[in-house]
Amino acid sequence: MPVETKDQRKSYDFLSISSSHLTFMRLSSFLPLKGKSFFHPLSLLLQLWDHFIVIGYNVMWQGYGIRMIQRGDVEVDFICEDIITVGFTIRYLLLCAKREKLCCLVESCEKLWDLLKDGEVIFVRQFARKGYYFRNFILINAMLMAALYSVTAPFVRLPPIEANGTERKILPFRFFMDIQKEPAYSIVFAFQSILLQFIDLMIVSTETVSLYLIMMACGYLRSVRNRLLSFKGNDDNTSEKGEAALKFVIDCAHFHQQIMIFCEDIERMTRTLFFFACFCPIYNVSITGIVLFNNDEDKYKFLPLLCYNFFQFFLCQWAPEHLAVESEDIALAAYSASLRPQAPSHREKINRILYFMMMRAQKPVQLTAGGFVDLSIETFGAMTKSAFSFFMVLRKFRS
């Protein structure tokens, strides 16, 4: 078991563990600016900017879709990208609507931190770092991709529409107008390059709000588990030692109860978010999978989209799986604690508390997508297997 040094206890506090996650939430207006309310002028200005970014992002994509329909074209890759855009926008709006609830969850998370004992911060930090690495991985890839489009766009030309026309310039990203003349082209080019960098920050923040809360809950549950496993009973029937053991178990039970309340609040807030976060990628996987089984020469350009949607779907299952496992492990830890030697005068009280903890832990915390689908690695495997089987049947049917 990792041992936390005295210097680590001084350097690790709630803000040092959570500051980067909270900063992303504040930049996306899901939390108010530090020390300010949602109605502070600076908070309102930031909210206005974030809404402008999201609206501008949607205007570009949906405007391009309308123009595509008017031309009579059907671009499958645009449909997949648009589903991602719509899914993000819905989750962004939901988080904005639930931001007061999110503030309460963050406050509850900080209160749970105060219940940690020496040596337990390291467990919470281990889980928080997992969320940190996942978030940075998504952010770096998204910003590199946006930068790549911006850098390469000036060097790419489309063939002319007319036989003797000039080659056409392209913008880094989809736009609802075909702009070729200067300075309009340069202005839109700069606007798109700036907007997509900001939207990447907001997409990553939207994707990882639930990840942060879940990973913190996992860390707290791991602390309770290790606290129970370290329980040292004593069969010496002295009042002092019996009371100390009873107080230790009561503290564990109280901590576990507060974590369960926190997890239930997470489930209530995230079930709608997970609904769109799960079913939008699965829909895209179905579309891209069907396209990849066609004989289209451009089908391999859908591989990045397929990988991105699989990763997003996996992330929705990975964090809830950790939470379910950690909450279920409490039962085994409580059972182990009940077998330790205990003072006869307090054995019945202690074991009664441990029994209730075991009973509660046997029903692990289960996050859902909209209350319909349990989120777990098993669900990920089952749905992936079903999709693969469907594609195999479709391929045989076509052949």
Side-chain angles (χ1 to χ4, degrees), residues 1-2 105 108-128 130-131 210-233 244-271 274 316-342 346-369 371 373-381:
M1 185 176 69
L105 279 172
S108 298
C109 189
E110 188 170 6
K111 289 177 182 177
L112 288 172
W113 181 275
D114 295 333
L115 298 177
L116 293 173
K117 295 184 177 180
D118 290 345
E120 294 178 346
V121 170
I122 192 68
F123 301 118
V124 182
R125 182 176 180 270
Q126 287 174 347
F127 281 97
K130 292 179 181 179
S210 55
L211 180 65
Y212 162 71
L213 295 172
I214 293 170
M215 287 294 102
M216 292 296 288
C218 288
Y220 293 137
L221 286 168
R222 178 65 65 86
S223 300
V224 175
R225 192 199 74 170
N226 285 282
R227 193 182 296 185
L228 288 170
L229 291 175
S230 66
F231 173 62
K232 297 179 180 178
L246 178 61
K247 183 180 184 304
F248 179 89
V249 172
I250 290 174
D251 287 343
C252 289
H254 177 259
F255 192 19
H256 182 243
Q257 182 186 49
Q258 296 303 310
I259 298 170
M260 289 296 101
I261 294 172
F262 178 61
C263 291
E264 290 171 0
D265 290 339
I266 292 175
E267 204 282 326
R268 281 192 289 269
M269 197 198 81
T270 60
R271 61 173 60 177
F274 276 129
C316 292
Q317 314 290 337
W318 176 79
E321 173 75 11
H322 268 294
L323 187 60
V325 170
E326 292 299 327
S327 62
E328 195 171 18
D329 284 347
I330 300 297
L332 181 59
Y335 177 73
S336 299
S338 68
L339 299 178
R340 307 288 170 80
Q342 298 169 24
H346 293 80
R347 182 182 294 124
E348 184 178 350
K349 293 181 180 178
I350 292 173
N351 283 344
R352 186 184 298 119
I353 296 171
L354 293 172
Y355 172 76
F356 282 117
M357 291 184 69
M358 283 187 280
M359 291 295 293
R360 176 61 185 90
Q362 285 178 357
K363 183 182 179 182
V365 177
Q366 184 63 71
L367 301 185
T368 64
V373 179
D374 293 341
L375 301 175
S376 66
I377 296 299
E378 183 180 356
T379 301
F380 173 78

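Note that these values count all heavy atoms, side chains included, but never hydrogens, waters or copies made by symmetry.
Pairs passing the salt bridge (Lys or Arg N to Asp or Glu O under 4.0 Å) check and including a residue from residues 211-222, sequence neighbours excluded, read Arg222-Glu326. Listed by first and then second residue, the side-chain hydrogen bond (donor to acceptor under 3.5 Å, both in side chains) pairs involving residues 256-265 are Asp265-Arg268 (not counting sequence neighbours).
Legend: residues meeting salt bridge (Lys or Arg N to Asp or Glu O under 4.0 Å) with Asp251, ordered by chain and number and at least two apart, are Lys247.
The closest donor-acceptor contact from the side chain of Ser338 to the backbone of Leu354 lies at 3.5 Å or more, if one exists at all. At distances below 3.5 Å, not a single donor-acceptor pair connects side-chain atoms of Ser336 with backbone N or O atoms of Leu229. Side-chain atoms of Arg125 never come within 3.5 Å of backbone atoms of Gly219 as a donor-acceptor pair (strictly under, hydrogens ignored).
Counting heavy-atom neighbours within 6.0 Å of Phe248 CZ, excluding the residue itself, gives a total above 12. Annotation: Lys130, atom NZ; neighbour count of heavy atoms from other residues, nucleotides and ligands within 6.0 Å is above 12.
Closest heavy-atom contact between Met358 and Ala334: CG-CB, 3.5 Å. The two residues Thr379 and Asp374 come nearest to each other via the heavy atoms OG1-O, 2.6 Å. Residues Leu105 and Phe262 approach most closely at O-CE1, 3.3 Å, considering heavy atoms. Among all heavy-atom pairs drawn from Ala331 and Ala361, the shortest one is N-CB, 3.4 Å. Shown here for Ala217 and Cys263, the closest heavy-atom pair between the two residues is CB-SG, 3.9 Å. The two residues Arg271 and Gly371 have their closest heavy-atom pair at CB-N, 4.3 Å.
A heavy-atom distance below 4.5 Å is not found between the side chains of Asp329 and Leu221. For the pair Ile214/Cys218, a side-chain contact is recorded, criterion being any heavy-atom separation below 4.5 Å from C-beta on. Considering only heavy atoms from C-beta on, Gln126 comes within 4.5 Å of Phe123 through its side chain. Leu228 is listed as a side-chain neighbour of Met357, based on a closest heavy-atom distance under 4.5 Å.
Considering CE of Met260 and CZ of Arg360, their distance stands at 5.5 Å, rounded to 0.5 Å. Note that CZ of Phe255 is 7.0 Å distant from OH of Tyr220, once rounded to the nearest 0.5 Å. Summarising the geometry, atom CD belonging to Gln317 is positioned 5.0 Å from atom CG belonging to Leu375; distances are rounded to the nearest 0.5 Å. Taking CG from Asn351 and CG from Leu339, the interatomic distance works out to 8.5 Å, rounded to the nearest 0.5 Å. We find the CZ-CG distance between Phe274 and Leu367 to be 6.0 Å, quoted to the nearest 0.5 Å. Here the CD1 atom belonging to Ile259 is positioned 8.0 Å from the CG atom belonging to Leu115, to the nearest 0.5 angstrom.
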